[in-house]
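Below is one structure, written out as structure tokens; comments come after it.
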Amino acid sequence: MVEKQYTITDEAGIHARPASALVGSISKFESDITLSFNGKQVNLKSILGVMSLGIASGSTVTIAANGTDEQQAMAKIDEVLKAEGISNQ
């Protein structure tokens, strides 16, 4: 299992456009990928789950991947978070 924390830097937090980009980019991975925020955990492959968390700018989230392609999945998550301006980590 690979786990990493991110601080959300987008002024609007994780809203529809970046959430869609993130979910779409990782849906091809076999690993189980979760997003944890404020004591709640959702499947990162679910746009509704991600949106339900209401993650605001400045929030810290934890993303975990567990499976055969977990390293590749986390690398893709890093790439998308930076490209979409969601997080600079």
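What's counted below: heavy atoms across the whole structure, side chains too, no hydrogens, waters or symmetry copies.
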Residue pairs passing the side-chain hydrogen bond (donor to acceptor under 3.5 Å, both in side chains) test where at least one lies in residues 70-81, sequence neighbours excluded
Lys4-Asp78, Tyr6-Asp78, Lys76-Glu79

Atom pair OG/CD of Ser87 and Gln5 - distance to nearest 0.5 Å
11.0 Å

Any non-hydrogen side-chain atom of Ile8 less than 4.5 Å from a side-chain atom of Ile14?
yes

I need the full list of side-chain hydrogen bond (donor to acceptor under 3.5 Å, both in side chains) pairs touching residues 45-60, with sequence neighbours left out, sorted by first then second residue.
none

Between Ile77 and the options Ile86, Leu35, Ile63, the side-chain contact (heavy atoms from CB on, under 4.5 Å) test singles out Ile63

Return each pair, listed once, that meets side-chain hydrogen bond (donor to acceptor under 3.5 Å, both in side chains) where at least one residue sits in residues 13-25; pairs must be two or more places apart or across chains.
Arg17-Glu84

How would you list, by chain and number, every residue that makes a side chain to side chain donor-acceptor pair (under 3.5 Å) with Thr34, sequence neighbours excluded?
none

Could you tell me the separation between the CG atom of Asp69 and the CD1 atom of Ile33, rounded to the nearest 0.5 Å?
7.0 Å

Do the side chains of Met1 and Met74 join up, straight or via other hydrophobic residues, at under 4.5 Å, putting them in one cluster?
no

Minimal non-hydrogen separation, Gly13 against Pro18, with atom names:
O-CG, 4.4 Å

Test side chain to side chain contact (heavy atoms under 4.5 Å, CB included) applied to Ser27 - qualifying residues, sequence neighbours left out
none

Pairs in or reaching into residues 23-35: which pass salt bridge (charged side-chain N to carboxylate O under 4.0 Å, His left out), with residues at least two apart or in two chains?
none

Can you check whether Leu22 reaches Val50 side chain to side chain, under 4.5 Å on heavy atoms?
no

